[in-house]
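Every chain is numbered from 1 and lettered A, B, ... according to where its sequence line falls, protein lines coming before strand lines.
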Number of protein chains: 2
Amino acid sequence: MAGIADVARAAGVSKATASRALTGAGYVSEATRTRVQHAAKELGYVPTTSAVSLVTGRTQTIGVVVPNLDRWFFAQVLGGVQEALLERRYDLALYSAPPESDARREMFTHFLARKRFDGVIAVGIEPTAHELERLVDFGKPVVSVGGYDAGTSAVSIDDHAAARIATEHLLGLGHREITFLGGDPDGRQMSFGDARRLAGYWAAMEAAGARGGGRHIPSEVTMPGGYGAAVELLGDRLTRPTALVAVCDEVAVGAIIAARRLGIRVPEHLSVVGIDDHEYADMFSLTTLQQKPDQQGRTAVRLLMAQLEDPATPGSHTYEPSPLIMRNSTAALDDATSAIVTIGR
Amino acid sequence: MAGIADVARAAGVSKATASRALTGAGYVSEATRTRVQHAAKELGYVPTTSAVSLVTGRTQTIGVVVPNLDRWFFAQVLGGVQEALLERRYDLALYSAPPESDARREMFTHFLARKRFDGVIAVGIEPTAHELERLVDFGKPVVSVGGYDAGTSAVSIDDHAAARIATEHLLGLGHREITFLGGDPDGRQMSFGDARRLAGYWAAMEAAGARGGGRHIPSEVTMPGGYGAAVELLGDRLTRPTALVAVCDEVAVGAIIAARRLGIRVPEHLSVVGIDDHEYADMFSLTTLQQKPDQQGRTAVRLLMAQLEDPATPGSHTYEPSPLIMRNSTAALDDATSAIVTIGR
DNA sequence: TTGAAAGCGATACCAC
DNA sequence: GTGGTATCGCTTTCAA
């Protein structure tokens with residue numbers, strides 16, 4: 001529990017000098033600096049953060065807001081943010097709460113007001129008007145990841161393009177009956193990014209004049225959600241599409257499992273494309289558009305730090321790449337597939 | 001940015017009285033109390049945490065240490081902890097870093113020293129001797145979840161019993177060739193809980209005189225890990241067991257997927273039991289031993305709060321229940337199964 | 001029941 | 001370069 005006063009005494013200098021020597025701000029002779037540092041180490045001195053915060057106004061803490069922890073994307077982003085923050089010796093205050101929940105409201109009304117952090121990273125969140133307002137008059141830098149871009153800095157993939165490319169890949173293989181799988185049942189709760197994906201899908205379908213073959217089947221955005229929806233969708237041979245664009249890999253994998261159980265072979269009888277490159281993608285040979293959420297987390301931290309150092313830094317939306325990873329879940333719509341589908345009709 | 005001085009002025013009282021009225025400590029007349037509270041609300045007053053911490057010594061923050069974020073168990077625990085903390089208006093400082101990593105070392109040497117939190121919840125962690133030492137001389141209460149019980153308070157299921165029950169279930173169905181699937185390849189890194197499960201499995205096998213039919217196949221403790229290991233294990237018809245106890249549901253599900261791909265029917269040709277009751281368990285009809293990590297997280301918070309209120313509270317290990325959930329991934333070893341296995345031999 | 005004043009542990013300004 | 005000192009915003013004796 002040694003304080004800076006102890007360090008100063010041990011080094012035979014004043015508190016002021018000790019502080020300067022330790023923080024590196026201001027002039028200190030090389031000799032005293034080393035002497036003070038030595039004393040500090042000797043005594044195991046660690047500055048009391050609350051005291052530092054009180055006087056400097058900086059907390060060395062970043063607040064991170066996530067809707068939940070059990071979806072791959074969020075967990076990955078959080079991991080990346082954590083790493084990047086750790087490197088910079090920043091603490092991470094976690095606030096996870098689903099949109100529209102009491103906990104979420106509580107968070108916004110209570111915690112954000114506590115000016116406890118120097119900045120906020122909001123993951124996959126489309127804030128409500130009220131939340132947005134609070135975030136803004138919070139007066140500290142905000143960076144959003146994979147979500148709504150509220151005029152603040154943001155980082156995400158180009159969701160619209162990703163889904164478009166996925167769809168075009170399928171169209172290029174000759175598919176016309178392509179269903180978009182996943183996204184919240186009652187559209188309202190569909191996350192911002194997911195909605196953009198759906199839009200990208202429709203854009204591609206329309207551009208190819210295949211609007212008629214398109215359909216959106218909602219589902220919870222989880223593997224079981226994708227599984228359940230796919231069982232229903234694929235169970236009916238009459239209306240079954242020849243290809244699927246899934247809102248994300250978790251849903252895609254659920255669909256593949258459903259297809260297998262129904263005796264529908266992927267990719268021979270059904271092509272599936274996902275978005276994410278989830279850790280499960282490989283074991284299902286899933287063709288997908290890759291994104292690296294942990295990288296996005298790191299980028300978000302970088303953006304935030306830039307604004308912290310120079311508040312004048314303009315907000316910017318960084319789009320991370322999302323390349324197509326070809327595996328083995330898609331195939332050309334050949335005669336065999338057509339035949340099978342036709343027979344069903 | 002209203003401070004308590006502003007509130008006091010607005011209410012026509014001194015800072016001292018305002019503080020008492022707001023914190024609820026000390027005598028204040030009912031009249032002034034409401035007047036102060038009103039003024040505070042009016043001005044949108046929020047106490048500056050660093051100032052409060054500086055004088056009270058309490059940070060209203062709990063540090064949570066997890067090995068990583070993308071395993072179901074950890075994410076669930078973290079979610080439960082977050083909720084319970086939020087209710088109590090505590091902040092959650094997240095420290096996730098894999099054991100033996102630089103980040104992990106950094107965490108322990110640097111962050112824990114920052115006396116930034118009132119207590120620590122360590123999830124699924126078997127601290128090294130050095131880490132343990134730091135955690136202890138950190139001098140603040142520590143509660144561990146699902147991991148090593150360092151004489152501090154702890155909460156977990158009875159891993160040994162869970163695996164034993166799972167194994168006995170299989171033995172009761174007539175199986176003798178039962179393999180334990182999962183756990184780190186080179187035993188050393190096997191988590192404390194996982195090691196206990198393996199021990200419980202062996203205990204049951206031995207008690208049934210079936211030691212000879214037992215085997216431990218290591219694998220990464222993930223779905224792809226279980227998948228990969230199961231493909232190898234089940235691919236060889238000569239040595240294939242008739243039943244599997246998986247270290248957790250993720251591994252169990254990976255094994256089921258592998259079995260299906262190999263044309264091995266579950267449960268007709270292969271019985272599988274998991275541990276967890278993961279959100280995927282249902283869609284695979286997985287029989288498993290249920291645990292509720294989020295509850296464990298909540299319990300951990302309760303234990304911690306008790307110690308915070310009264311440091312004399314003795315540490316205690318709370319065991320949460322882990323009931324057997326019967327679904328449809330296990331079946332009696334009947335003639336059919338035996339026949340199939342025999343043919344293979 | 002209330003108010004004045006003394007810290008909590010650091011930083012930062014201003015003389016020296 | 002270095003040392004006194006005011007200060008950050010609040011809680012908490014101690015008197016009144």
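Computed from coordinates, the R116(B) CZ to dA10(C) P distance equals 14 Å when rounded to whole Å. When the P atom of dA10(C) is taken as reference, atom CD of Q60(A) falls 15 Å away, rounded to whole Å. Here the C1' atom of nucleotide dT11(C) and the CZ atom of R20(A) are 10 Å apart, to the nearest Å. Atom CG in L54(B) sits roughly 5 Å away from atom C1' in dG9(C) (whole-Å rounding). Distance, E30(B) CD to dT2(C) C1': 16 Å, rounded to whole Å.
Considering only side-chain N and O atoms, S14(B) lies nowhere under 4.0 angstrom from the phosphate OP1 or OP2 of dT2(C). Between dT2(C) and T17(B), no contact under 4.0 Å exists linking OP1 or OP2 to a side-chain N or O. Remark: Y45(A) is not in phosphate contact with dG9(C), judged by side-chain N or O atoms under 4.0 Å from OP1 or OP2. Residue S29(B) places at least one side-chain N or O closer than 4.0 Å to OP1 or OP2 of dT2(C).
Atom OG of S96(B) and atom CG of L78(A) lie 6.5 Å apart (nearest 0.5 Å).
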* To do: Output, in order, the C-alpha distance, side-chain angles, deciding distance and verdict of salt bridge (Lys or Arg N to Asp or Glu O under 4.0 Å) for D118(A) and K140(A).
  => CA-CA 6 Å; D118(A) 300 334; K140(A) 299 237 152 73; 5.6 Å; no

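If you check the side chains of T61(B) and R116(A), you find a donor sitting under 3.5 Å from an acceptor. Under the 3.5 Å distance criterion, with hydrogens and angles disregarded, a donor-acceptor pair is assigned to the side chains of E320(B) and T299(B).
Among the atoms of the strands shown, only primed sugar atoms or phosphate atoms (P, OP1, OP2) are found under 4.0 Å from some heavy atom of T23(A). Among the protein residues, T32(A) comes within range of the sugar-phosphate backbone only, with heavy atoms under 4.0 Å from sugar or phosphate atoms but none that close to a base. Nucleic acid contact class of S53(A) (heavy atoms, under 4.0 Å, all strands): none.
Helix-axis bend for the helix from dT1(C)-dA16(D) to dC16(C)-dG1(D): the local axis fitted to the five terminal pairs at one end deviates from that at the other end by 40°, rounded to 10°.
By the side-chain contact (heavy atoms from CB on, under 4.5 Å) test, S316(A) pairs with S153(A), T318(A), sequence neighbours left out.
Taking the 5' to 3' direction, DNA chain D first and last meets chain B under 4.0 angstrom from a heavy atom at dG9(D) to dT12(D).
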